[in-house]
Amino acid sequence: MLRKSKITLALYERAKRRFPGGTQLLSKRPELFAPDQWPAYFSQALGCEIWDLDGRHYYDMSHNAVGASLLGYADPDVTRAVVARVEKGCISTLNPPDEVELADRLCEIHPWAECVRLGRCGGEACAMAVRIARATTDRSVVAICGYHGWHDWYLAANLGAEDALRGHLLPGLDPLGVPRELRATCIPFEYNDRDALERVFDEHGDRLAAVMMEPARNQDPEPGFLEFVRDGAHARGALLIFDEVSIGWRLHHGGAHLRFHVNPDLAVFAKALGNGHPIAAVIGTRDAMEGAHTSFISSSYWTEAVGPAAALATLRKLREKDVTAHVARIGAMIMDLWREVAARHGLPVSVPDGYPCLARFAFDHDQANELVTLFTQLMLESGFLAKNAVYPTLAHTDEIVAKYAEAVDKAFAEIAQAIERGDVTDRLNGPPAHEGFRRLL
Ligand SMILES: Cc1ncc(COP(=O)(O)O)c(C=O)c1O
């Protein structure tokens with residue numbers, strides 16, 4: 001049994017009394033992995049290795065900072081660029097020149113785009129893109145598909161609706177604190193569902209400012225779907241916004257939309273763009289960005305210098321190392337090993353045919369959540385941060401995947417035994433993982 005990381009777990013107990021929700025990002029709540037077991041804090045993170053506050057070492061075979069680090073933690077080239085910048089000053093009364101260089105790089109990679117605005121976080125940049133689209137079109141309604149952050153404009157989709165964002169976000173999100181007056185300003189539709197979007201066009205077409213969506217999340221769009229969305233939006237005078245916050249750079253160098261040859265009017269980037277340093281961008285055509293001239297969009301820390309310096313170093317390395325090819329290969333290896341090891345132990349595991357750069361598996365069992373929690377617990381014992389999804393990075397080598405394969409083999413063997421004996425819950429050293437959003441205290 002795992003000797004618990006006492007200092008690390010104690011700090012989280014303290015944090016829960018201080019921070020409503022425990023952590024600043026829902027996806028980093030230990031309760032979503034293995035309550036009372038998952039080490040909430042790191043003292044060091046290098047490559048795909050993490051040390052908790054008790055000095056325990058793990059390989060990160062989970063979501064790797066929800067995809068915010070595609071090169072691996074503390075990448076030496078990015079760190080060098082950041083340290084050089086820090087030593088020369090990160091902020092001043094004047095603006096950082098790297099921001100212009102970064103804007104040029106983004107428009108070179110996306111030749112359809114001519115203008116850029118920078119922010120620091122994904123949800124913030126999505127809100128910025130929606131503001132720009134509303135200002136440019138002088139309309140209010142936005143149709144969405146996917147997760148686009150925590151802001152009012154987005155959570156408004158759940159106002160007066162029965163969990164309309166289920167499937168796009170997380171079940172259980174009440175739009176508490178979001179003005180009721182925003183009702184019917186954000187309308188969700190399902191990916192690849194032309195009829196659903198057609199209904200949105202019919203009902204809201206003349207008030208539609210934009211259609212905002214992830215161009216892809218787990219798999220390619222059906223042939224013609226993205227073109228259908230683009231043409232339908234344009235026919236109603238609305239803009240198309242692609243949210244590339246999670247999939248950008250990971251599936252394709254630049255936006256995933258480049259792979260599908262469908263250009264939006266605006267696109268949003270964050271996460272992997274700074275490889276762990278906050279930087280986000282909205283890029284767009286000159287016409288679509290018109291609203292950014294007239295709408296007030298401004299923030300002090302959007303002028304700090306580390307984000308652009310980190311992004312330039314990250315973009316250079318992402319290209320040089322062909323990171324998209326690397327993460328696709330590592331992810332495919334991991335998906336194969338899940339299939340092979342599960343078959344060997346007779347475990348009911350399915351591995352959907354999604355993108356290997358966002359590899360995932362599921363237990364096809366009525367105790368699926370307990371089984372995933374038990375998997376996390378067993379993997380922690382073997383020195384891995386793991387759940388049922390892996391977002392590979394450049395730092396994940398074949399050797400690390402081989403070590404992971406051994407640990408998965410051991411974990412799957414024990415899980416098969418637990419299922420056979422019917423004692424899955426008894427084997428858990430804490431409660432099962434939470435599924436979705438809920439109050440902690
Ligand atoms: C597609 C997408 N958009 C927006 C966001 C929000 O980004 P952030 O967490 O940086 O605010 C996320 C985060 O997971 C995302 O996946």
Side-chain angles (χ1 to χ4, degrees), residues 1-5 9 27 29-39 48-50 52 56-64 171 218-219 327 329-392 396-436:
M1 186 166 132
L2 180 72
R3 187 173 44 80
K4 289 191 175 176
S5 284
L9 295 178
S27 307
R29 263 190 200 176
E31 286 82 358
L32 294 182
F33 298 87
D36 302 339
Q37 301 191 68
W38 184 262
C48 61
E49 296 177 76
I50 294 185
D52 72 14
R56 192 183 294 271
H57 170 268
Y58 307 90
Y59 289 105
D60 193 345
M61 300 300 285
S62 68
H63 58 52
N64 287 269
N218 296 314
Q219 56 202 41
V327 295
R329 189 179 67 78
I330 293 289
M333 277 169 71
I334 291 169
M335 288 163 80
D336 284 348
L337 84 83
W338 285 333
R339 289 191 184 102
E340 188 263 308
V341 179
R344 184 143 35 83
H345 295 292
L347 262 191
V349 161
S350 58
V351 181
D353 283 335
Y355 296 136
C357 64
L358 295 167
R360 63 186 58 240
F361 72 86
F363 287 108
D364 302 323
H365 193 274
D366 19 329
Q367 280 188 294
N369 187 44
E370 277 85 356
L371 292 176
V372 177
T373 313
L374 182 57
F375 177 70
T376 296
Q377 173 181 310
L378 296 168
M379 293 301 286
L380 284 175
E381 285 171 14
S382 296
F384 290 86
L385 297 177
K387 202 176 169 181
N388 60 332
V390 180
Y391 293 12
H396 288 85
T397 59
D398 292 29
E399 293 71 32
I400 291 170
V401 175
K403 286 185 195 173
Y404 174 70
E406 271 178 42
V408 171
D409 187 38
K410 225 169 106 198
F412 277 11
E414 176 160 347
I415 292 169
Q417 194 189 65
I419 292 176
E420 197 186 306
R421 298 192 183 162
D423 61 0
V424 173
T425 313
D426 295 344
R427 291 181 194 233
L428 291 178
N429 300 330
H434 296 188
E435 296 175 277

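Throughout, residue positions are numbered sequentially from 1 according to the sequence presented.
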ask   = Which residues pass the salt bridge (Lys or Arg N to Asp or Glu O under 4.0 Å) test with Glu31, sequence neighbours left out?
value = Lys16
note = When every non-hydrogen atom of Pro432 is compared with those of Pro35, the smallest separation belongs to O-CG, 3.4 Å
message = Any non-hydrogen side-chain atom of Asp364 less than 4.5 Å from a side-chain atom of Val349?
response = no
message = Set out, in order, the CA-CA distance, both residues' side-chain angles and the distance that settles side-chain contact (heavy atoms from CB on, under 4.5 Å) for Phe412 and Leu378, then state yes or no.
response = CA-CA 9 Å; Phe412 277 11; Leu378 296 168; over 6 Å; no
query = Can you find a heavy atom in the side chain of Thr425 that is under 4.5 Å from one in the side chain of Gln367?
reply = yes
request  = May I have all residue pairs that pass side chain to side chain donor-acceptor pair (under 3.5 Å) and include part of residues 413-422, sequence neighbours excluded?
outcome  = Glu414-Arg427, Gln417-Arg427
ask   = Does the side chain of Lys4 reach to within under 4.5 Å of the side chain of Asp36, using non-hydrogen atoms?
value = yes
query = Which value, rounded to the nearest 0.5 Å, describes the distance between Tyr59 atom OH and His396 atom NE2?
reply = 10.5 Å
Test log, rule side-chain contact (heavy atoms from CB on, under 4.5 Å), inputs Leu371 and Ile419 = CA-CA 9 Å; Leu371 292 176; Ile419 292 176; 3.9 Å; yes
task = Could you tell me which residues satisfy ring-ring contact (aromatic ring centres under 6.0 Å, His included) with Tyr404, sequence neighbours excluded, listed by chain and number?
result = Phe384
key: Rounded distance (nearest 0.5 Å) linking atom CD1 of Ile50 with atom OG of Ser62   = 6.5 Å
key: Spacing of NE2 belonging to His63 relative to OG belonging to Ser27, to within rounding of 0.5 Å   = 5.5 Å
inquiry  = Let me confirm one number: the CZ-CG distance from Phe361 to Leu337, rounded to the nearest 0.5 Å.
reply    = 10.0 Å
key: Minimum heavy-atom distance between Cys48 and Ile400, given as atom pair plus value   = SG-CD1, 3.6 Å
ask   = Who pairs with His345 by ring-ring contact (aromatic ring centres under 6.0 Å, His included), at least two apart in sequence or on another chain?
value = none
query = What pair of heavy atoms forms the shortest contact from Ser5 to Tyr58, and how long is it?
reply = OG-OH, 3.8 Å
remark   = With sequence neighbours left out, the residues meeting side-chain hydrogen bond (donor to acceptor under 3.5 Å, both in side chains) with Asn369 are none
ask   = Can you find a pair of side-chain heavy atoms, one from Asn218 and one from Pro352, that are under 4.5 Å apart?
value = no
task = Working to the nearest 0.5 Å, report the span between CD of Gln219 and OH of Tyr355.
result = 7.5 Å
message = Between Met61 and Val408, is the side-chain contact (heavy atoms from CB on, under 4.5 Å) condition met? List the steps.
response = CA-CA 11 Å; Met61 300 300 285; Val408 171; over 6 Å; no
task = May I have the step-by-step check of side-chain contact (heavy atoms from CB on, under 4.5 Å) for Phe375 and Ile415, ending in yes or no?
result = CA-CA 7 Å; Phe375 177 70; Ile415 292 169; 3.8 Å; yes
query = Measuring from Gln37:CD to Thr373:OG1, what's the distance to the nearest 0.5 Å?
reply = 8.5 Å
message = Could you report the tightest heavy-atom contact between Leu385 and Pro39, atom names first, then the distance?
response = CD2-CG, 3.9 Å
message = Taking the side chain as everything from C-beta on, heavy atoms only, tell me whether Pro30 gets closer than 4.5 Å to Leu9.
response = no
remark   = Quick note, salt bridge (charged side-chain N to carboxylate O under 4.0 Å, His left out) partners involving residues 329-349, not counting sequence neighbours, are Arg329-Asp398, Asp336-Arg339, Arg339-Asp353, Glu340-Arg344, Arg344-Asp409
ask   = Where do Ser382 and Ala407 come nearest, in terms of heavy atoms and distance?
value = CB-CB, 3.8 Å
query = Do Asn388 and Arg360 have side chains that get closer than 4.5 Å, going by heavy atoms?
reply = no
remark   = Here the pair of heavy atoms bringing Ala332 nearest to Pro356 is N-CB, 3.4 Å
